[in-house]
Protein chains: 2
Amino acid sequence: MTTDTIMVIDDDQDLREGIVEILEGNNFSVIACESAEKAMQKIRIEVPRLIIVDNMMPGMGGMAFMPLVKNDYPRIKIIMITAFSTVDNAVAAMKSGADDYLAKPFKRDELLVAVRRNLEVLKFEQQLSEPDMDETLSSLSNPIRRQILAVLSLEGEMRFMDITRYLGISDHTKVNFHLKNLKACNLVSQDRDKSYCLTSHGVKMVDYLHLLSQKIS
Amino acid sequence: MTTDTIMVIDDDQDLREGIVEILEGNNFSVIACESAEKAMQKIRIEVPRLIIVDNMMPGMGGMAFMPLVKNDYPRIKIIMITAFSTVDNAVAAMKSGADDYLAKPFKRDELLVAVRRNLEVLKFEQQLSEPDMDETLSSLSNPIRRQILAVLSLEGEMRFMDITRYLGISDHTKVNFHLKNLKACNLVSQDRDKSYCLTSHGVKMVDYLHLLSQKIS
DNA sequence: TCTTTTTGTGAAATAGACTTCACAGAAACC
DNA sequence: GGTTTCTGTGAAGTCTATTTCACAAAAAGA
């Protein structure tokens with residue numbers, strides 16, 4: 001399991017180091033910065049998943065910093081911390097791109113809860129946009145390819161021309177095209193005698209397609 | 001629940017009527033023909049899901065009949081019945097397009113088992129090629145659309161521009177395009193104040209996607 | 001060996017999905 | 001009222017997926 005990298009930006013050294021300590025004590029990998037300007041540079045070197053930034057700082061404040069980061073890295077989560085907390089302040093922070101808002105002084109657990117919650121949200125979002133998901137889903141979105149999976153699931157193993165005839169497709173190169181696609185996605189494989197069959201991944205996907213068809217209807 | 005239509009082709013009136021009786025007694029809708037030629041005509045009027053055809057008949061036999069049918073209607077399942085059963089005979093029948101093979105005399109239950117088995121196979125195949133499935137899967141195969149679903153799943157309800165900003169997409173018309181697609185597939189809907197939210201179908205699909213992402217990784 | 005069937009490749013044509021751009025009405029804001 | 005932001009449409013262009021076609025090596029049959 002890889003640890004999540006978190007960036008902490010605060011000009012107050014005591015507070016900054018306190019936060020770093022809490023986070024590192026909980027197995028997060030931390031990058032600390034004393035200003036938003038420094039942070040902008042460091043982000044380019046290693047992109048964190050989450051940023052904790054103070055609102056009031058000399059130079060660029062958190063409020064100005066957030067839109068800049070969100071523009072370049074829309075998926076980074078930002079938690080803003082602030083000393084003088086008001087409703088207006090909180091609303092303004094959210095509008096500027098903060099994903100969460102923490103008023104000083106906060107407890108150790110308040111910080112950790114906020115951090116974990118935001119990392120969970122991030123994980124949730126990312127799960128649905130994984131590249132593997134992309135490949136698999138677009139492969140499954142073609143009806144001919146799904147028919148091929150269905151046939152192979154029923155028959156276990158089939159020769160190229162048998163699949164073609166079974167589906168009633170006259171142009172065999174068309175079937176070839178789709179089989180190639182299925183092979184590329186690792187849904188189907190070919191053994192030594194050239195027969196096609198489902199991979200274990202392919203078997204799972206057929207299961208899931210049936211699940212889906214039940215959900216749809 | 002709609003009943004499956006089965007076509008029975010046999011020149012022997014007694015046997016034909018016996019089969020019809022068994023099938024109708026089990027709530028199938030039956031079309032009986034005394035020759036393959038008649039059957040070819042009747043198929044055009046109502047397409048059965050399954051055909052039970054005798055091999056030996058005056059005029060066109062089952063062996064010649066099957067390729068003709070399979071060519072026009074590759075999805076119809078065909079059970080061949082035959083009096084003089086040999087291995088070679090069975091193999092030849094399967095090669096000509098039979099999906100199953102029954103030797104005379106057969107028991108009532110043997111017939112019903114074969115019929116049900118073949119209808120199950122048909123159902124299995126068809127589940128994976130439903131048009132709804134097509135629409136849903138191709139909609140889900142786009143990463144931006146999946147991100148929109150994720151965001152709506154987290155936030156519950158969102159305005160158009162909030163979604164656009166959340167995803168960090170500069171061209172709002174692009175988001176509009178994908179939202180339209182999601183609406184067309186009934187995954188997302190819009191309430192009176194123009195906010196977008198997941199439909200119940202959309203909620204199911206987000207569930208499904210998470211299941212899928214676990215299986216993939 | 002000669003022929004046919006199977007299995008396959010790659011290029012060109014077509015269709016479909018996605019993006020971009022120019023514009024516009026509606027609503028919110030000043 | 002005038003201005004800005006939100007929400008949306010439609011056309012044109014671009015990129016990707018799919019189909020079709022021409023061809024060919026390998027395997028199976030005759």
Side-chain angles (χ1 to χ4, degrees), chain A residues 67 74 88 91-92 94-97 129 131 133-149 151-152 155 157-185 187-197, chain B residues 67 88 91-92 95-97 129 131 133-149 151-152 155 157-185 187-197:
Chain A
D88 286 352
V91 170
M94 299 307 276
K95 278 196 178 174
S96 299
S129 52
M133 190 95 150
D134 232 61
E135 201 186 34
T136 304
L137 280 170
S138 61
S139 188
L140 295 179
S141 74
N142 180 294
I144 294 179
R145 287 197 288 267
R146 289 203 303 280
Q147 281 180 31
I148 293 176
L149 293 180
V151 168
L152 289 177
E155 305 280 327
E157 199 182 279
M158 266 176 117
R159 312 296 300 274
F160 174 70
M161 283 309 288
D162 291 333
I163 296 173
T164 304
R165 278 187 290 265
Y166 196 105
L167 300 183
I169 293 173
S170 56
D171 185 350
H172 70 278
T173 66
K174 186 170 174 175
V175 177
N176 200 315
F177 169 82
H178 291 291
L179 276 169
K180 236 164 148 179
N181 181 305
L182 289 167
K183 273 202 285 181
C185 295
L187 290 166
V188 158
S189 66
Q190 219 174 350
D191 40 21
R192 324 95 234 149
D193 68 334
K194 298 195 171 181
S195 284
Y196 289 91
C197 61
Chain B
D88 285 352
V91 170
K95 279 197 178 172
S96 299
S129 53
M133 189 97 152
D134 231 63
E135 203 185 33
T136 304
L137 279 170
S138 62
S139 188
L140 296 180
S141 73
N142 180 293
I144 295 179
R145 288 197 288 268
R146 289 202 303 278
Q147 281 181 31
I148 294 176
L149 293 180
V151 168
L152 289 177
E155 305 280 327
E157 200 182 278
M158 267 177 117
R159 312 297 300 274
F160 174 70
M161 283 311 287
D162 291 334
I163 297 174
T164 304
R165 278 186 290 264
Y166 195 104
L167 300 184
I169 293 173
S170 56
D171 185 349
H172 70 276
T173 65
K174 187 171 174 173
V175 177
N176 201 314
F177 170 82
H178 291 291
L179 275 168
K180 235 165 147 179
N181 181 306
L182 289 168
K183 273 202 286 182
C185 296
L187 290 166
V188 158
S189 67
Q190 220 175 348
D191 39 22
R192 323 94 234 153
D193 69 334
K194 297 196 171 179
S195 284
Y196 289 91
C197 61

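By convention in this document, chain letters (A, B, ...) are assigned in the order of the sequence lines, proteins followed by strands, and residues within each chain are numbered from 1. As the structure is a computational prediction, the values presented were derived from the model and not from experiment.
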Return no unless some side-chain N or O of [X] is found under 4.0 Å from OP1 or OP2 of [N].
X: Arg159(B); N: dC6(D); value: no
X: Tyr196(B); N: dG8(D); value: yes
X: Lys174(A); N: dT19(D); value: yes
X: Arg165(B); N: dT5(D); value: no
X: Gln190(A); N: dT7(C); value: no
X: His178(A); N: dA17(D); value: no
X: Asn142(B); N: dA17(C); value: no
X: Arg145(B); N: dC18(C); value: yes

- [ ] For Arg146(B) and Leu140(B), indicate whether the former's side chain and the latter's backbone hold a donor-acceptor pair under 3.5 Å.
- [x] yes
TODO: Indicate yes or no for a side-chain donor-acceptor contact from Ser141(B) to the backbone of Ser138(B) under 3.5 Å, with no hydrogens or angles considered.
DONE: yes
Spacing between [X] atom [atom1] and [N] atom [atom2], to the nearest angstrom:
X: Ile169(B); N: dC18(C); atom1: CD1; atom2: P; result: 13 Å
X: Asp171(A); N: dA22(D); atom1: CG; atom2: C1'; result: 11 Å
X: Ile144(A); N: dA17(D); atom1: CD1; atom2: P; result: 15 Å
X: Leu140(A); N: dT18(D); atom1: CG; atom2: P; result: 12 Å
X: Leu137(B); N: dA17(D); atom1: CG; atom2: C1'; result: 16 Å
X: Met161(A); N: dT4(C); atom1: CE; atom2: C1'; result: 12 Å
X: Lys194(A); N: dT5(C); atom1: NZ; atom2: P; result: 17 Å
X: Asp134(B); N: dG16(C); atom1: CG; atom2: P; result: 12 Å

Over all heavy atoms of both residues, which pair between [X] and [Y] is shortest? Give the atoms and the distance, please.
X: Phe160(B); Y: His172(B); value: CZ-O, 3.2 Å
X: Arg145(A); Y: Ser139(A); value: NE-O, 2.8 Å
X: Cys185(B); Y: Glu135(B); value: SG-CG, 3.7 Å
X: Gln190(A); Y: Lys194(A); value: NE2-O, 3.2 Å

- [ ] Would you give the length of the straight line joining atom CD1 of Ile163(B) to atom CD1 of Ile144(B), rounded to the nearest 0.5 angstrom?
- [x] 12.5 Å
Task: Sub-4.5 Å side-chain heavy-atom contact between Glu157(A) and Asp193(A) - done: yes
Task: Sub-4.5 Å side-chain heavy-atom contact between Tyr196(A) and Lys183(A) - done: yes
Task: Watson-Crick and G-U pairing of DNA chain D, under 3.5 Å, as dot-bracket with | and [ ] - done: ||||||||||||||||||||||||||||||
TODO: Not counting sequence neighbours, which residues clear salt bridge (charged side-chain N to carboxylate O under 4.0 Å, His left out) with Asp162(A)? List them please.
DONE: Arg165(A)
Produce the list of close N/O pairs, under 3.5 Å, pairing protein atoms with atoms of nucleotides 9-14 of chain D; give distances to one decimal.
none

